[in-house]
**Student:** 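Below: one structure in C-alpha cells.
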2 protein chains.
Amino acid sequence: MGATYHQFCPVAKAMELLDERWTLLLVRELVTGSERFNDLRRGLPRMSPALLSRRLGQLVRAGLVERRHEDGQVRYVLTPAGRELRPVVEAIGAWGTRWVGEIGDAELDPQLLLWDMHKNVNLDAVPAGRTVVRFRFPDAAPGARDWWLVITGREVDVCDTDPGFEVTVTMTARLRCMTEIWLGDLSWSRALRTGALEVTGPEALRRAAPGWFALSVFAGVPRPSRD
Amino acid sequence: MGATYHQFCPVAKAMELLDERWTLLLVRELVTGSERFNDLRRGLPRMSPALLSRRLGQLVRAGLVERRHEDGQVRYVLTPAGRELRPVVEAIGAWGTRWVGEIGDAELDPQLLLWDMHKNVNLDAVPAGRTVVRFRFPDAAPGARDWWLVITGREVDVCDTDPGFEVTVTMTARLRCMTEIWLGDLSWSRALRTGALEVTGPEALRRAAPGWFALSVFAGVPRPSRD
DNA sequence: CGGTATCCCCGTCGATACTG
DNA sequence: CAGTATCGACGGGGATACCG
C-alpha cells in the first residue's frame with residue numbers, strides 16, 4: 001500500500017489507498033463493469049501488466065475487490081466496500097468534466113474510445129440480429145483508422161480489423177469529434193449538421209444509429225456557465 | 001503537475017492533478033477554511049514546507065487556488081473550481097469513514113486533533129466572554145498531554161502551554177477516546193457514562209461543554225451494518 | 001488467458017537548514 | 001510569517017521480455 005500520512009482523518013486514510021497512480025482509474029474500470037484481467041488492460045492500455053497485477057492485489061488486500069477463480073478463469077469482483085467507491089469516481093469525473101481543460105491530441109485514442117463506447121451500447125435500441133457499426137477516423141494514426149463494433153444479441157465486440165460482416169452503418173468523423181460526442185461536449189445533431197460527422201447507410205438505420213449509444217456518464221454534467 | 005495518463009476520460013484528467021501525495025489533503029484544509037501558509041502547515045504537520053509550497057503552486061497554476069498578497073500577508077483562497085472539490089473530499093471522507101479500518105496508534109495526534117476541533121467550535125453555544133477548555137491526555141507523549149482551547153468572542157486559539165487564564169472546564173480522556181468522539185465513533189454521553197471521559201468544572205458548564213463542539217463532518221456518516 | 005520476472009532510471013519525497 | 005535551498009535515498013513505475 002501507499003505511504004501513510006499519519007493522520008486519523010478519514011480522508012487521509014482513504015487517500016493512502018487511493019492516491020497512488022492508476023488506482024482510481026482501475027476502480028473506474030471495475031465500477032463500469034470490467035472483471036477480467038485483459039479487459040481491465042484494455043481500459044488501461046498504458047498501464048503495465050505488472051503494475052495492474054500489483055494494484056489488483058492491493059485492492060484485494062484492502063477488501064475492495066474479491067478475486068474469484070472459477071471455471072478456469074479469473075474474475076475480479078468489487079466487494080460492497082469497492083462498490084461504494086462509485087460516488088467517489090463520479091464526483092471526481094463530474095469535477096473533471098467541469099474544470100479540467102482541453103483534451104490534448106496525445107489523449108485521443110480510438111482504441112480507448114471504442115472500448116468505452118462498446119460498454120455503453122444500448123442493446124435494447126439496436127435492431128435484432130447482427131448489427132455492425134463501422135467507425136472511420138481519417139485523421140487517426142495509420143492502422144487505427146477503421147474500427148468495427150459488432151453487436152449480436154447481448155454481446156458487443158470491438159474489432160480493429162474487418163470482421164467480414166456486412167456493415168450496417170458507417171460513421172466517419174475526426175477522432176476528436178467522435179470523442180467530443182462521447183464526452184457530451186458536442187451533440188450528435190450538431191455534429192451531423194456541421195458535417196463534422198457523417199453517417200452513411202440505409203436512411204432509417206442511419207437516423208437510428210446515434211440512439212444505439214449511451215454516452216459517457218459524464219456527458220450530462222452541466223458545464224460551468226461562462227460569465 | 002503529475003504525470004499524464006494519456007486518457008481523455010475526465011476521471012483520468014482530474015486524477016492527474018489530484019492523485020499526487022498530499023494534494024487532496026491540502027484541498028481538504030483549504031475547503032475547511034485554512035488560508036494562511038502556516039495554518040495549512042498546522043493541518044499538515046508531516047508535510048515539508050517545500051512540498052507544501054510546491055503543491056500550492058500547482059493548485060494555483062491549475063486554477064483551483066488564488067494567491068492573494070495583501071496587507072503584507074498572503075492568503076490562499078479557493079476559486080470556484082477549487083470550491084467544487086468539496087463534494088469530492090466529502091465523498092472520499094465518507095467512504096473512508098465507512099470502510100477504512102482502525103486508527104493506528106501512530107495516527108493519534110493531539111496537536112492535529114485540537115487543530116481540527118478548534119476549527120469547529122460552535123461559537124454561538126459558548127458562554128460570552130472568555131472560555132478556556134483544558135484537555136488532558138494522560139497517555140499522550142510527555143509534553144503533549146495538556147492543551148488549552150481559548151475561546152474569546154469570534155476567536156479560538158490552540159495552546160500547548162498554559163495560557164494562564166482561569167480554566168472553565170477540563171476534559172480528561174485517553175487520546176484515542178477523544179479522537180473517537182471527534183470522529184463520531186463514540187458519543188459524548190457513552191464516553192461519560194463509561195468513565196472514559198471525565199469533564200470537570202462547575203456543573204452547568206460541565207454539562208454544556210460537549211455542546212460547544214461541532215464534531216467532524218464525517219461523524220454523522222452511517223456506518224455499514226454488520227451482517 | 002492471466003499473469004511473472006527483471007532491470008534500471010529518474011523523479012518524488014523527506015529531512016534539514018536557512019532566509020528576507 | 002512565508003517561504004527557499006539543498007541533498008540524498010528510495011522505490012515507484014515504465015519498458016520489455018517471458019511463462020504456464
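Residue numbers begin at 1 in each chain, while the letters A, B, ... track the order of the sequences. Note: hydrogens, waters and symmetry copies are ignored here, and every other heavy atom, side chains too, is used. Computed from a predicted structure; not experimentally measured.
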**Student:** Would you call Asp185(A)-Arg223(A) a salt bridge at under 4.0 Å N-O?
**Tutor:** yes
**Student:** Below 4.0 angstrom, N of the basic side chain to O of the carboxylate: do Arg145(B) and Asp139(B) qualify?
**Tutor:** no
**Student:** Write down the distance between CG (Leu40(B)) and P (dG3(D)), rounded to a whole number of angstrom.
**Tutor:** 10 Å
**Student:** Quick one: which of dG14(D), dC13(C), dC1(C) gets closest to the side chain of Glu20(B)?
**Tutor:** dC13(C)
**Student:** Measure from the side-chain heavy atoms of Tyr76(B) and tell me the nearest of dG3(D), dG14(C), dG14(D).
**Tutor:** dG3(D)
**Student:** Can the ring centres of Tyr5(A) and Trp22(B) be said to be less than 6.0 Å apart?
**Tutor:** yes
**Student:** Evaluate the side-chain proximity of Leu30(A) to Leu59(A): yes if any heavy-atom separation is below 4.5 Å, no if none is.
**Tutor:** yes
**Student:** Name the residue closer to the 5' end of DNA chain C, choosing between Arg54(A) and Met47(B) according to the nucleotide with the nearest heavy atom.
**Tutor:** Arg54(A)
**Student:** Among side-chain atoms of Glu66(B) and Thr79(B), is any donor-acceptor pair under 3.5 angstrom?
**Tutor:** no
**Student:** Find the distance Arg46(A):CZ to dG14(D):C1' and express it as a whole number of Å.
**Tutor:** 10 Å
**Student:** Find the distance Arg55(B):CZ to dG11(C):C1' and express it as a whole number of Å.
**Tutor:** 12 Å
**Student:** For Pro49(A) and Leu56(B), take the nucleotide of DNA chain D holding the closest heavy atom to each; which residue's nucleotide lies nearer the 5' end?
**Tutor:** Leu56(B)
**Student:** Looking only at side-chain atoms of Arg36(B), point me to the closest of dC1(C), dT6(C), dA2(D).
**Tutor:** dA2(D)
**Student:** Check the distance between dT4(D)'s P and Asn38(B)'s CG and give it to me in whole angstrom.
**Tutor:** 13 Å
**Student:** Answer yes or no: is there an ion pair linking Lys119(B) with Glu29(B), defined by an N-O contact shorter than 4.0 Å?
**Tutor:** yes
**Student:** Trp22(A) side chain N/O closer than 4.0 Å to the phosphate oxygens (OP1, OP2) of dG12(D)?
**Tutor:** no
**Student:** Taking atom C1' of dC13(C) as reference, at what distance in whole Å does atom CZ of Arg21(A) sit?
**Tutor:** 16 Å
**Student:** Mind checking Arg68(B) for me? I need base, sugar-phosphate or nothing, with any heavy atom below 4.0 Å counting as a touch.
**Tutor:** nothing
**Student:** Counting side-chain heavy atoms from C-beta on, which of dT4(D), dG3(C), dT6(C) comes nearest to Ser53(B)?
**Tutor:** dT4(D)
**Student:** Figure out the CZ/C1' separation between Arg41(A) and dC1(C), and round it to whole Å.
**Tutor:** 11 Å
**Student:** Would you mind telling me which of dG14(D), dG3(D), dG2(C) lies closest to the side-chain atoms of Val74(B)?
**Tutor:** dG3(D)
**Student:** In whole angstrom, give the distance that lies between atom CD of Glu35(A) and atom P of dC1(C).
**Tutor:** 15 Å
**Student:** Identify whether any heavy atom of Arg75(A) sits under 4.0 Å from a base atom; if not, whether one sits that close to sugar-phosphate; answer base, sugar-phosphate or nothing.
**Tutor:** nothing
**Student:** For Leu52(A) and dG12(D), what is the distance between atoms CG and C1' respectively, to the nearest whole Å?
**Tutor:** 16 Å
**Student:** Choose from dA2(D), dC1(C), dG14(C) the nucleotide whose nearest atom is closest to any side-chain atom of Gln73(B).
**Tutor:** dA2(D)
**Student:** Using the side-chain heavy atoms of Phe37(A), tell me which of these nucleotides is nearest: dC13(C), dG3(C), dA5(C).
**Tutor:** dG3(C)
**Student:** Is any side-chain N or O of Arg42(A) closer than 4.0 Å to OP1 or OP2 of dG2(C)?
**Tutor:** no
